[in-house]
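None of these values were measured; they are calculated from a predicted model. So you know, we letter chains A, B, ... as the sequences are listed, proteins then strands, and number each from 1.
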Amino acid sequence: MSVDISEIAPYNFSVIEPKWQDFWLKNDSFRTDCNSSKKKYYVLEMFMYPSGKVHIGHVRNYAIGDAIARFKRAGGFSVLHPVGWDAFGLPAENAALKQGGRPQDWTYKNIEIMKKQLLSLGFSYDWKREFATCDEKYYKFQQKIFLAFYKNGLIYRKKSEVNWDPVDNCVLANEQVIGGRGWRSGAPVEKRKLSQWFLKITDFVDELLDGLDHLEGWPEKVKIMQRNWIGRSEGCSIDFKTDDGDEIVVFSTRPETIFGATFLAISPDHSLATKLASGNEKIKSFVEKCKKGSVAQEFLDRQEKLGMDTGLTVNHPFLDKKLPVYIANFVLMNYGTGAIFATPAHDERDYEFAVKYDLPIERVMVSTADGDELPQVDDGILVNSDFLDGLNVAEAKEAVIRRLCEMGIGKREVFFRLLDWGISRQRYWGCPIPMVHCDKCGVVPLEEKDLPVLLPRDATFSGVGNPLEKHEVWKRVKCPCCGRDAVRETDTLDTFFDSSWYFLRFCVNDRENENLLEKKDVSQWMRVDQYIGGIEHAVLHLLYARFFSKALTRCGFVDVSEPFENLFTQGMVCNVAYRKENGDWLFPEEVQKRSNGEYEVIATGEKVVVGGVEKMSKSKKNVVDPDAIIKNYGTDALRLFVVSDTPPDKDFLWSDEGLEGCWRFVNRVWRLFVYAQSRGICAKKCQRDVEIDTLDPAVQKLYKDFHRTIKNVSDSLEERSMNKVVAFIRECVNSLYSFLEQIKNNETVFSLMIRDLIKLLAPIAPHICEEAWSMLGFEGLVSDSNWPVYQKEYLEVSTIDLPIQINGKFRGIVAVGVDDDEEVVWEKALQLPSVQSAMAGKSLKKKIFVKGKIINFVL
RNA sequence: GCCUCUGUGGCGGAACUGGUAGACGCGACAGACUCAAAAUCUGUUGUCCGCAAGGACGUGCUGGUUCGAUUCCGGUCAGAGGCACCA
């Protein structure tokens with residue numbers, strides 16, 4: 001019995017979607033198959049912090065990953081697609097402080113809630129591998145890693161100036177300081193001197209840098225950011241001696257400008273500055289002023305240059321002249337040697353400083369380009385430089401370094417911007433560091449048998465200081481060396497430590513496996529074939545994870561030089577935001593449109609500024625709750641929407657109309673499936689072959705075009721252009737609607753098209769497809785079915801519409817055979833009225849013919 | 001300041017190695033169905049001129065290469081992101 005397609009009831013997602021979610025979960029439908037002979041494919045989305053709620057940004061990230069996982073699965077790969085929780089971190093501790101209770105409880109409760117949300121989104125995860133980084137088991141492994149790194153000399157403790165976040169009351173790594181502010185709190189970072197654990201990431205600096213050249217599957221942008229962050233610079237260090245016999249080693253990448261040097265500058269943190277300060281009140285107060293300045297935001301913004309003459313001088317290495325030594329706040333202690341020679345004529349900072357303090361400026365280079373303004377920073381030809389005169393920069397650099405080396409005062413050197421990674425955090429909710437402080441033995445590692453060091457369950461959170469440090473019972477321990485009373489390390493590990501190796505642990509098939517990293521499992525699955533996450537981790541997590549792979553390899557745990565073969569960075573989800581004129585943000589429900597098109601606050605009638613498109617965030621009151629969307633439109637419509645329209649690597653603009661459109665499309669597809677069923681379309685009808693030549697021309701074209709769709713959808717998925725995937729499927733559904741009358745009686749063609757359409761849509765809208773698959777009597781799950789294959793010969797066309805140009809302008813088309821010779825095509829083209837009228841009275845200068853592409857008459 | 005990326009209809013965006021610019025969607029407009037509305041289906045929709053056939057213009061701006069440029073090259077403007085006294 002046939003039905004009217006427009007009368008079919010809408011897709012009943014509230015029943016159908018939970019049904020399949022339960023089925024997949026109960027049957028472990030997406031459990032990783034480790035014993036398969038199929039090629040492996042490891043898809044991973046950056047795991048999430050259990051903040052309490054899944055937001056739309058997560059949905060988009062995971063929808064992209066899930067589409068790839070399902071596509072690869074259908075494409076004949078054995079797919080690993082795990083899920084877990086990056087569960088340590090400050091918010092849990094803040095929640096404990098604010099609402100009482102323990103961070104543990106808060107975290108695990110959030111995980112429970114968010115897991116439910118993920119399940120309601122129908123992602124194809126292997127839930128048997130799920131873990132949280134705060135699981136005792138996971139951090140026990142992590143303590144093992146810490147000890148192994150320690151034994152291998154990759155971890156050390158040192159007292160040094162660190163970044164202190166005054167809001168989070170905690171140290172930050174350099175990578176976590178963004179524009180002088182804490183990455184989480186946004187507070188201006190202060191400097192403090194503390195004893196801290198450091199990870200020797202600088203030991204791998206060359207590998208980390210060179211490895212980037214081979215990461216072809218990474219966005220260029222991320223690689224550039226990492227290269228800049230590592231910041232390699234080549235140059236030369238030069239030894240100077242003050243009249244008092246103090247040594248000052250300077251570093252320069254421009255040693256060829258040495259003849260233009262007019263003074264030396266050392267950092268206020270330089271050991272010589274400290275020494276001088278101790279004997280001189282004026283210098284002491286200056287140094288202190290500089291240190292304060294390096295903290296205050298206003299100084300950072302103004303970058304005002306401050307300096308003080310030490311009264312000391314050094315000899316110029318080549319000239320018979322003395323150079324004064326200044327302490328200058330623009331010289332950084334943590335780069336190079338903390339001292340420079342200044343060449344004001346050829347360096348902007350030196351120039352600014354020299355002008356301010358009235359120091360000489362001597363030109364030693366003339367530009368090859370025009371203009372002779374100082375400072376001249378571009379390369380030129382050396383002048384006033386004795387043995388370097390007339391040389392270009394490269395030649396002069398070589399010559400001067402060679403001479404300095406011969407004199408025994410210079411050395412070729414490479415410096416990096418990258419510093420070692422400080423991993424100590426003065427917080428409770430993190431992985432305890434398995435070290436002990438003993439008065440007699442010093443800092444001693446625990447033995448493996450004493451692991452794990454578990455977090456105490458009875459800590460108190462007062463908001464001041466580190467709860468572990470104040471826990472008098474927990475912190476007492478016997479020294480593993482001498483057995484006397486000692487104290488535990490009370491700092492915990494930076495949570496970025498946790499996320500630097502989780503993707504390796506996901507490889508281990510048996511969650512209970514006591515081996516830290518089962519080598520066989522890791523080598524089976526690594527590298528991650530497709531990693532997906534936000535670009536904000538370009539120099540944080542993504543650099544640390546690369547370092548960990550190399551460090552764990554060095555320690556013999558694994559053999560993974562690089563963790564992520566292909567990296568995809570998805571864009572953010574944005575929404576319009578409203579605010580009052582005083583800047584307060586407003587919820588969309590609080591505003592309404594006036595008749596003149598402006599917006600006002602409903603309650604008060606105040607004028608509303610439509611604040612443009614902003615990243616969805618609670619503070620801007622423009623978030624959309626996935627649960628509400630799922631309740632009203634279903635998961636498939638939501639998933640479809642977040643990958644439609646916008647390429648996944650670009651920012652996505654939320655719109656209710658767009659979502660509505662996807663909901664309409666889901667129903668359009670649903671009606672098509674139900675209609676097909678009513679026409680008797682079912683699995684059985686797919687068994688006959690299609691005799692393409694006997695088909696009605698319209699049906700034949702439809703069927704051939706469908707094979708083009710299969711190719712287009714497959715290619716677009718492969719290149720991660722989900723927006724195109726959706727567009728091609730929509731196109732295909734549109735033409736099925738248009739030719740419904742012609743196709744409805746051809747059961748074989750109709751069946752085959754519906755079957756493969758279900759498969760094409762399944763990676764993005766899995767529930768409706770699973771339902772249709774079962775409804776039409778196909779065996780098993782569409783999630784387990786093979787990806788459709790297109791017939792190449794159907795894509796080949798015999799005739800094409802060839803565009804015709806006159807003087808490069810489009811004038812019409814002419815239908816020709818693909819293989820028609822030039823003469824034949826010309827004949828046909830010349831008969832076109834538009835060509836004839838354009839040619840009238842003119843002579844043909846040239847004819848261009850590109851087979852299958854174009855004809856162009858040049859008159 | 002330095003580095004990187006991006007500029008295509010009212011909007012999100014398509015366009016293979018240079019070859020019919022604007023696929024697909026949103027919005028808008030019209031028609032069918034309906035007592036009516038919603039839903040659904042079918043059209044139209046870059047701008048300008050024209051009753052029409054048709055024509056002119058059009059991918060930030062500006063030069064160039066080419067028979068032909070959204071695509072390649074030079075300059076320039078605008079926006080986004082990263083780094084920011086890194087010697």
* The side chain of A:F810 lies closest to which of these nucleotides: B:A21, B:C83, B:G82? -> B:A21
* To do: For the pair A:F251 and A:F415, evaluate ring-ring contact (aromatic ring centres under 6.0 Å, His included) and give the outcome as yes or no after the intermediate values.
  => CA-CA 9 Å; A:F251 173 68; A:F415 276 96; 4.4 Å; yes
* To do: Answer with yes or no whether the side chains of A:D636 and A:Y11 bring together a donor and an acceptor at under 3.5 Å.
  => yes
* Reckon A:N734 has a side-chain N or O less than 4.0 Å from the OP1 or OP2 of B:C24? -> no
* So does A:R664 get a side-chain nitrogen or oxygen closer than 4.0 Å to the phosphate oxygens (OP1/OP2) of B:G27? -> yes
* Asked: Picking from B:A15, B:A87, B:U20, which would you name as closest to the side chain of A:K724?
  -> B:A15
* Asked: Contact class for A:R417 vs. all strands (heavy atom < 4.0 Å): base, sugar-phosphate, or nothing?
  -> base
* Phosphate oxygens OP1/OP2 of B:A23: is one of them under 4.0 Å from a side-chain N or O of A:R730? -> no
* Just call it for A:K846: base, sugar-phosphate, or nothing, with non-hydrogen atoms closer than 4.0 Å on any strand. => sugar-phosphate
* To do: Would you indicate what A:V858 reaches in the nucleic acid, counting non-hydrogen atoms under 4.0 angstrom: base, sugar-phosphate, or nothing?
  => sugar-phosphate
* Asked: OP1 or OP2 of B:C41 sitting under 4.0 Å from any side-chain N/O of A:R671?
  -> yes
* To do: Scan every strand shown for a Watson-Crick or G-U wobble partner of B:C85, both distances under 3.5 Å, and answer none if you come up empty.
  => none
* To do: Would you please confirm or rule out a distance under 4.0 Å between OP1 or OP2 of B:C2 and any side-chain N or O of A:N228?
  => no
* Asked: Counting any heavy atom closer than 4.0 Å, what does A:I224 reach on the DNA or RNA strands: base, sugar-phosphate only, or nothing?
  -> sugar-phosphate
* Nearest of B:G19, B:A87, B:C85 to any side-chain atom of A:N329? -> B:C85
* Modelled atom types, side-chain donor and acceptor of A:E175 and A:W421, under 3.5 Å -> no
* Asked: Would you say the side chain of A:E348 and the base of B:G1 hold a donor-acceptor pair, judged only by whether the two atoms sit under 3.5 Å apart?
  -> no
* So, is A:K809 close to the B:C57 phosphate, meaning a side-chain N or O under 4.0 Å from OP1 or OP2? -> yes
* When all nucleic acid strands are considered with a 4.0 Å heavy-atom cut-off, which category describes A:P10: base, sugar-phosphate, or nothing? -> nothing
* Pairing nucleotide - B:G7, Watson-Crick or G-U, each distance under 3.5 Å -> B:C77
* **Nucleotide of B:G27, B:A87, B:C3 approaching A:T253 most closely (side-chain heavy atoms)** => B:A87
* **Nucleotide paired to B:C29 in any strand shown, Watson-Crick or G-U, under 3.5 Å** => B:G43
* For the residue pair A:N228 and A:R417, confirm or rule out a side-chain donor-acceptor distance under 3.5 Å. => no
* Asked: NA contact type, A:K847, heavy-atom cut-off 4.0 Å: base, sugar-phosphate, or nothing?
  -> nothing
* Asked: Of the nucleotides B:A14, B:C83, B:A87, which has the atom closest to the A:V331 side chain?
  -> B:A87
* Tell whether A:K305 reaches the base of B:C85 with its side chain through a donor-acceptor pair below 3.5 angstrom. => yes
* To do: Please state the C1' separation for the pair B:G55 and B:G50 - nearest whole angstrom.
  => 9 Å
* **Closest listed nucleotide, where the reference is the side chain of A:S233 and the choices are B:A87, B:C16, B:G12** => B:A87
* Under a 3.5 Å limit for both distances, which nucleotide forms a Watson-Crick or G-U wobble pair with B:G19, could you say? => B:C67
* Does any donor atom in the side chain of A:N723 or A:S644 lie under 3.5 Å from an acceptor atom in the other side chain? -> no
* Asked: Who does B:G50 pair with, Watson-Crick or G-U, both distances under 3.5 Å?
  -> none
* To do: Establish, from distance only, whether the side-chain atoms of A:R363 and A:Q376 form a donor-acceptor pair under 3.5 Å.
  => yes
